[in-house]
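Written below as structure tokens is the structure these notes are about.
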Amino acid sequence: MLRKDHNPADPDDSPRPQLAKAYIPADTEDRIYKLWEDSGAFTADANSTKEPFTVSMPPPNATGQLHLGHAVMLALEDIFIRTARMQGKEALWIPGTDHAAIATESVVIKQIQKEERIPDPRASLGREELLKRIAHFVEKSRGTIRSQVRKMGSSCDWSRERYTLEPTLNRMVNEVFVKMYADGLIYRGHRIVNWDPKLQTTVSDDEIEYKEEKAPFYMFQYGPFQIGTSRPETKFGDKYVVMHPDDERYAGYKHGDTFETEWINGPVTATVIKDKSVDPEFGTGVMTITPWHDATDFAIAEHHDLDKEQVIGFDGKLLPIAGEFAGLRIEDARPKIVEKLKEKGLLVKADEEYVHNLALSQRGKGPIEPQIKEQWFIDVNKRVVKWNRKEMSLKEIMQEVVQTKLIKIIPERFESTYFHWIDNLRDWCISRQIWWGHRIPVYYCSACQFAQTEMSLESGVLNHENSKLKTQNSEFTSVQSLIQCPNCGGQVTQDPDTLDTWFSSALWTWSTLIDQKLAEDPSVTFEDLLRQSPDFQKFHPTTVMETGYDILFFWVARMILMTTYAVGQIPFETVYLHGMVRTREGKKMSKSDPETMIDPLDIISRYGADALRLSMIVGQSPGADTKLYEEKIAGYRNFINKLWNASRFVLMQCEQAGIDPKTIEFGHHVELSLADKALLSALQDLILDVTRGLEGYRLSDVGERLYSFVWDYFCDWYLEVSKGEVNHAVLIHSLRTILKVLHPYCPFVTEEIWDSIKPTDAGFLIKEQWPIYDEEIVDRESYQQLQIIIDIITAIRKLRQEHNVPLDKDLTVTLVTAEHTELLQAQMGHIKRMARVAEIFIQESRPEGEIVSAFLTGVEVHLSLEGLIDPEKEKASLLKEKENLEKFKAGIEAKLGNAQFMERAPEKLVVEQKQKLAEAVEKLEKIKERLNGFITHS
RNA sequence: GGGUAAUUAGCUCAGUUGGUUAGAGCGCCACAUUGACAUUGUGGAGGUCACUGGUUCGAAUCCAGUAUUACCCACCA
């Protein structure tokens, strides 16, 4: 798979491996991905005896485009999965797509409106036809996201790909709905819901966002009271005035008192209500209520059994109760109503600067109108969930599994926001008035419904539970003509609503593991489906759920809720939450602003998926937002190229020596130099750090460690040493090890290089075994000895540059040492070559003449620079170092002289400090001697 | 109003349980040029770790408060 170029100049014309001068990801990635996929490397085996490691991919919108949020998610999950796979686990990463109910339906409706000039496609086309159109649209466009997921290098098991609207998932949705209904967790009732007049559907509390808006706050005279409002258009039906029972100012009015007052469209009779939910401090302490359009007012009305009247229609226009204003839209009606009240002398004052929060639909961005509507809800407080022999409510079970650490959230602080959310959680409205989605599996009898609504409702569900209707219902298309009412034999129809898309998403970790063939058979019960699905048995609970913190509530919490209830297992053991990707200015990237938008596909084509992955992982911590910009990505592209060229160097070394790298086997027979031993030792430390870091989900740390090892140690020192003393076996072995531990982060480039250096009998790197830490190879002494050589080389380079010594000047260096003579003798060649020194003397006394010096631990470095030295400069730099050392020394002495420190500090630290002190004292002595030399000379 | 976090070099960020003479990448300055790599090499400059107190032998790290910023939740007529 690498490029094998024939070299015409080569006399024997035998083609040798030759890597291109620079790594070109675009020539590599798709090819490698296909090789992996075709080889079956992504496919997990439910029958294996290996320990399972499962990741359920958060399903992207089936009609969507890959964005950076997906890219982060895919990169992280792929690292988890590739590591687990190499570590010998049965790794399953299950991909899928989401039907994205509201989003998809509104896209298609808009398209039809625009292209076919049909103003109301729902009315004109009807349910069946519209669903067909949407399904067609999804089918046509879902291939896009699949190929884009592949572009990231995602090693997910495509043979198990799932879709949130497929028949198996539909059956699971129905099973869970019926189970919850039977347990009394799902009920239908008239409640105040969030109505989106624009999208013509209810939405859940979590699908609302608030925007600050300045709108006038009016004070009106209402009988003897003054009442405040920012929404005069809702006030037509107001006939109750509410105040706190303890409010002294209104002690003269009793609960139930009535009075007549002039109001918008004439006189009304109002009733006094005393309720503790009124805040006496706010405004006048008196308010009128609009139970149909306000949640608080609704609660008061329920409590006192008051009348509720609808004022605003579901189309957002005023109803006949508004009299002359009926049919007007809110924004048109409001000023007119205020004007009328003003003319009547009922407007007391208007605060034009009032700021309040406007509730908007997250999807459609239109205002939300609270309405009373009969909807389906999930009761989160009823105690029917069996867990550890206790009966718990859905709220309690959600708390329980996180509190007891059965589920661990990373970063931990999100646990408190999770608990806070649960505390505020109200019953979940699960019905939606859109068509694209899982239809509510409830049937009504048109014949007897009028007389017995509840009865026919129940019989529909009960019948369903008795599995008479299951076959028909496993397809989401309606089949009501087949169904007869068990009560009266009349024709039944299905509930027209669909379920909140999060209802089906909440089942994702396990519904995707249910055997699809088995699920087609209606005689197999739900419990048997769980028991007999091999994937479910092997791979659930999943290991880690990785997703953005923005859907902790929408999705993660609801998966916990539904899964513990429905299958009696936690959905995942660990939740890893990543942050949002932002622009370099910290702004959200938005499609409407292409300037700030980074398109992952564009980045991949120019820098490669590996570089993109690194740029999103290194330097990011979980739960924190991350800023991404092109220079950062380019930096990691450079790193990838560095690795590529290091490999190229290794291959060239082998080629020059006539060695086929694939035949190299590394073992005890290999003779090792100091640098070899140091490198092999450092590699063990790397393996340990990387393995532990990945286990602890510290992906950024590990990425940085790998980056630094490859560049700063392997390339900058080991490969440089190799230029004077090459050991092919060590080169190949260490490069192989590096590729393995780097593979999860940059799978493409490592696989590509691996092909050139892998052992003859080896397969793909993706299936290689993870390196095992071997303490016996750790050789601290050699590592430190090489470090001394490195320090000497660095010191010489530094002195040389400080004194502007040209590189072509023949340089003589004297190393003064008492203890390292042997080491320096042996490694002299490397020092000469890498520091570009002509001659080195190793002796025990300082040389004569014009020299510049550096003082290392155990070694003095002196450069003889006749006629090139600026003595003042050298003196100044020595003085500066002396000053620093003295400060440092004084600090340590203070510590060591402190009785409390000596008593309480750990032994190890004291020893360390003493060691440092000794070194500082030694250096200081030498610097002082050297400075004295200056004084005598001048 | 309640909560969670952030504040470290010009920029973007690390800093794992308190013990480092506070690190990295980019940028900057100087030098190097066809020998793995200019998507490079070598060296350098640059930080009183937001502020004020406290705990401690010892604080970027723990505690309290202040300031600024971001996000989340609730929403009062």
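Just so it is clear: chains get the letters A, B, ... in the order the sequence lines come, proteins before strands, and each one is counted from 1. All values below come from the heavy atoms of this structure, side chains included, with hydrogens, waters and symmetry mates left out.
Annotation: B:U68 and B:G23 have their C1' atoms spaced 26 Å apart (nearest Å). If you take atom C1' in B:G47 and the same atom in B:A30, they sit 22 Å apart, rounded to whole Å. Taking the C1' atoms as reference points, B:G3 lies 28 Å from B:U12, given to the whole Å. Comparing the P positions of B:U16 and B:C72 gives an interatomic distance of 27 Å, to the nearest angstrom. Comparing B:C49 with B:G44, their P atoms sit 24 Å apart, to the nearest whole Å. A gap of 11 Å separates the C1' atoms of B:C62 and B:U17, to the nearest Å. Spacing of P atoms, B:A36 relative to B:G46, comes out at 35 Å, to the nearest Å. Here the separation of B:G54 from B:A59, taken at their P atoms, is 12 Å to the nearest Å.
Note: NZ (A:K588) to P (B:C71) measures 8 Å, nearest angstrom. Atom NE2 in A:H356 sits about 8 Å away from atom P in B:A77, given to the nearest Å. Atoms CG (A:D712) and P (B:G25) sit 6 Å apart, rounded to a whole Å. Between the CD1 atom of A:I753 and the P atom of B:C37 there is a distance of 15 Å, rounded to whole Å. Atom C1' of nucleotide B:G1 and atom CG of A:N357 are separated by 12 Å, given to the nearest angstrom. The separation between A:Q801 atom CD and B:A32 atom C1' is 8 Å, rounded to whole Å. Atom pair A:R698:CZ and B:G15:P shows a separation of 10 Å (rounding to whole Å applied). Look at CD1 on A:I640: it is 11 Å from C1' on B:U39, rounded to the nearest Å.
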Derivation of the side-chain contact (heavy atoms from CB on, under 4.5 Å) call for A:V650 and A:L719: CA-CA 8 Å; A:V650 172; A:L719 292 189; 4.3 Å; yes
Stepwise side-chain hydrogen bond (donor to acceptor under 3.5 Å, both in side chains) check, A:D206 with A:W421: CA-CA 10 Å; A:D206 297 300; A:W421 177 80; 3.2 Å; yes
Derivation of the side-chain contact (heavy atoms from CB on, under 4.5 Å) call for A:M243 and A:F225: CA-CA 10 Å; A:M243 61 210 70; A:F225 306 104; 3.9 Å; yes
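If you check every strand for non-hydrogen atoms under 4.0 Å, A:T229 touches sugar and phosphate atoms only. Across all strands, A:G619 comes closer than 4.0 Å only to sugar-phosphate atoms, never to a base (heavy-atom distances). As judged by a 4.0 angstrom heavy-atom cut-off over every strand, A:P806 is placed among residues making no nucleic acid contact. Looking at heavy-atom distances under 4.0 Å, A:D279 makes contact with a base. Using a 4.0 Å heavy-atom distance criterion, A:K235 is classed as a sugar-phosphate-only contact. Within the nucleic acid shown, A:Y210 comes within 4.0 Å of at least one base atom, counting heavy atoms only. Residue-level contact check: A:V286 touches neither bases nor backbone, having no heavy atom under 4.0 Å from any strand. Within 4.0 Å of A:E412, counting heavy atoms only, lies no atom of the nucleic acid at all. Among the heavy atoms of the strands lying under 4.0 Å from A:S621 are primed sugar atoms or P, OP1, OP2 only; no base atom is included. Heavy atoms of A:R637 sit under 4.0 angstrom from at least one base atom. Residue-level contact check: A:S700 touches neither bases nor backbone, having no heavy atom under 4.0 Å from any strand.
For A:K723, no side-chain nitrogen or oxygen approaches OP1 or OP2 of B:G35 to under 4.0 Å. For A:W717 and B:G41, the shortest distance from a side-chain N or O to OP1 or OP2 is not below 4.0 Å. For the pair A:S416 and B:G3, the criterion of a side-chain N or O lying under 4.0 Å from OP1 or OP2 is not met. An OP1 or OP2 oxygen of B:A36 is reached within less than 4.0 angstrom by no side-chain nitrogen or oxygen of A:K642. Residue A:K798 places at least one side-chain N or O under 4.0 Å from the OP1 or OP2 atom of B:G44. Put simply, A:K895 has a side-chain N or O that comes within less than 4.0 Å of OP1 or OP2 on B:U20. For B:A77, the OP1/OP2 oxygens have a side-chain nitrogen or oxygen of A:Y354 closer than 4.0 Å. For the pair A:N638 and B:U40, the criterion of a side-chain N or O lying under 4.0 Å from OP1 or OP2 is met.
The partner of B:A45 is absent, by the rule that a Watson-Crick or G-U pair needs both atom distances under 3.5 Å. Here B:U16 sits opposite no nucleotide as a Watson-Crick or G-U wobble pair (both hydrogen-bonding atom distances under 3.5 Å). Across all strands shown, B:A70 pairs with B:U4; the Watson-Crick or G-U wobble distances both stay below 3.5 Å. Nucleotide B:U56 forms no Watson-Crick or G-U wobble pair with any nucleotide shown, as no partner meets the under 3.5 Å limit on both distances. Nucleotide B:C37 has no partner under the Watson-Crick or G-U criteria, as no pair reaches both atom distances under 3.5 Å. B:C26 is paired with B:G10 under the Watson-Crick or G-U wobble criterion, all donor-acceptor distances under 3.5 Å.
Atom CZ of A:R692 sits in a sparse spot, with 12 or fewer heavy atoms from other residues, nucleotides or ligands closer than 6.0 Å. Shown here is A:H356, whose NE2 atom has more than 12 heavy atoms of other residues, nucleotides or ligands within 6.0 Å. By the 6.0 Å contact criterion, NZ on A:K798 is open, its count of non-hydrogen atoms from other residues, nucleotides or ligands being 12 or less.
Where A:R797 and A:L719 meet RNA chain B, the nucleotide closest to each residue was compared, and A:L719 sits on the side nearer the 5' end. For A:P280 and A:E631, each mapped to the nucleotide of RNA chain B holding its nearest heavy atom, the one lying further toward the 5' end belongs to A:E631.
Ring pair A:W292/A:F298: centre-to-centre distance not below 6.0 Å.
Inspection of the A:K235 and A:T288 side chains reveals an N or O donor paired with an N or O acceptor under 3.5 Å.
In the set B:U12, B:A14, B:A36, B:A14 carries the atom at the smallest distance from any side-chain atom of A:E704. When each of B:G2, B:A77, B:G19 is scored by its nearest atom to the side-chain atoms of A:V278, the top-ranked nucleotide is B:A77. Proximity note for A:N641 (side chain, C-beta onward) versus B:U42, B:A77, B:U39: the nearest is B:U39. The side chain of A:K627 lies closest to B:C13 when the candidates are B:U21, B:A77, B:C13. Checking B:C26, B:C75, B:G25 against every side-chain atom of A:R426, the shortest atom distance belongs to B:C75. Among the nucleotides B:G19, B:G25, B:A36, the one closest to the side chain of A:P906 is B:G19.
Each of A:K882, A:E886, A:E922 was checked for a side chain to side chain contact (heavy atoms under 4.5 Å, CB included) with A:I927, and the lone residue meeting it is A:K882.
Of all the residues in residues 292-300 of chain A, A:D294 reach under 4.0 Å from RNA chain B with at least one non-hydrogen atom.
A salt bridge is defined here as a Lys NZ or Arg NE, NH1 or NH2 lying under 4.0 Å from an Asp or Glu carboxylate O, and A:E655 with A:R648 fails to meet this definition.
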